[in-house]
Amino acid sequence: MDVPVPRTPGGYQVALVCLGNICRSPMADVVLSARVADAGLDGAVAVVSAGTGDWHVGDGMDRRAAALLTAEGYDPTAHRAQQVAVAWFDTFDLVLAMDEANLADLYELDRAGEATSDGRVRLFRDFDPEGPGEVPDPYYGGDAGFRNVLAIVERTADALVAAIAEAIGD
Ligand code: 4NP
């Protein structure tokens, strides 16, 4: 799937959003950032993540998520949880929700309705070659849930980087 046109030509800004910003969106942030760097686009493409909730603001990544990322060759140590801000709807090219509840919360937050009407606020897995769908919340489950999240975010990140590279004319 194509990504929306960049707000600023030549660059792209992506925000990834889940509930707590300690499991799914941080995993997606670390993986997508790694793929962006691998593609040589780290000067042009910015990736951040946030939660719709504020319970974990300032916390590092969930230990299970961090351990899996480390085992798979990623660096999860820089992550600190933050809450999504309404101003993001005016600045980010894409705001991608991990599940339908996160998306509904974003629509609620975007009272002006500007971002939600132009396709910039949508589900992350709209870009999954095996999607669409949700990224299931692994927080209350076991290791298999985290491995499933990683598989989803890896293939979706690959597709997103290809689409963003095309959109910014790289
Ligand atoms: P995340 O997972 O939204 O993928 O970061 C969760 C993290 C924390 C909670 C729920 C989900 N929580 O209820 O604290």
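Residue indices begin at 1 and follow the sequence shown. Counting starts at 1 for both ligands and their atoms, in listed order.
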field: Within the protein, residues bringing a heavy atom under 4.0 Å of ligand 1, chain by chain
entry: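 Residues Cys18, Leu19, Gly20, Asn21, Ile22, Cys23, Arg24, His56, Asp137, Tyr139, Tyr140 each place a heavy atom under 4.0 Å from ligand 1, listed by chain and number.
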- prompt: Just by distance, do the side chain of Arg64 and the backbone of Phe146 share a donor-acceptor pair under 3.5 Å?
  reply: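 No, the answer is negative, given that no donor and acceptor are paired below the 3.5 Å cut-off.
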query: Which atom pair, heavy atoms only, marks the closest approach of His56 to Gly20?
result: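 So the two residues come closest at CB-O, 3.6 Å.
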All side-chain contact (heavy atoms from CB on, under 4.5 Å) counterparts of Asp143, not counting sequence neighbours: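 Per chain and number, Asp143 pairs via side-chain contact (heavy atoms from CB on, under 4.5 Å) with Arg147.
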message: Quick check: is Val161 connected to Leu16 through a chain of hydrophobic side chains (ILVMFWY, heavy atoms under 4.5 Å apart)?
response: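 Yes, same cluster.
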message: Less than 4.5 Å apart, side chain to side chain, heavy atoms only: is that true for Asp126 and Pro132?
response: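 Yes, at least one pair of side-chain atoms sits under 4.5 Å.
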query: Which residue, Arg155, Glu154, Glu72, forms the side-chain contact (heavy atoms from CB on, under 4.5 Å) with Val31?
result: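 Exactly one option meets the side-chain contact (heavy atoms from CB on, under 4.5 Å) with Val31, and it is Glu154.
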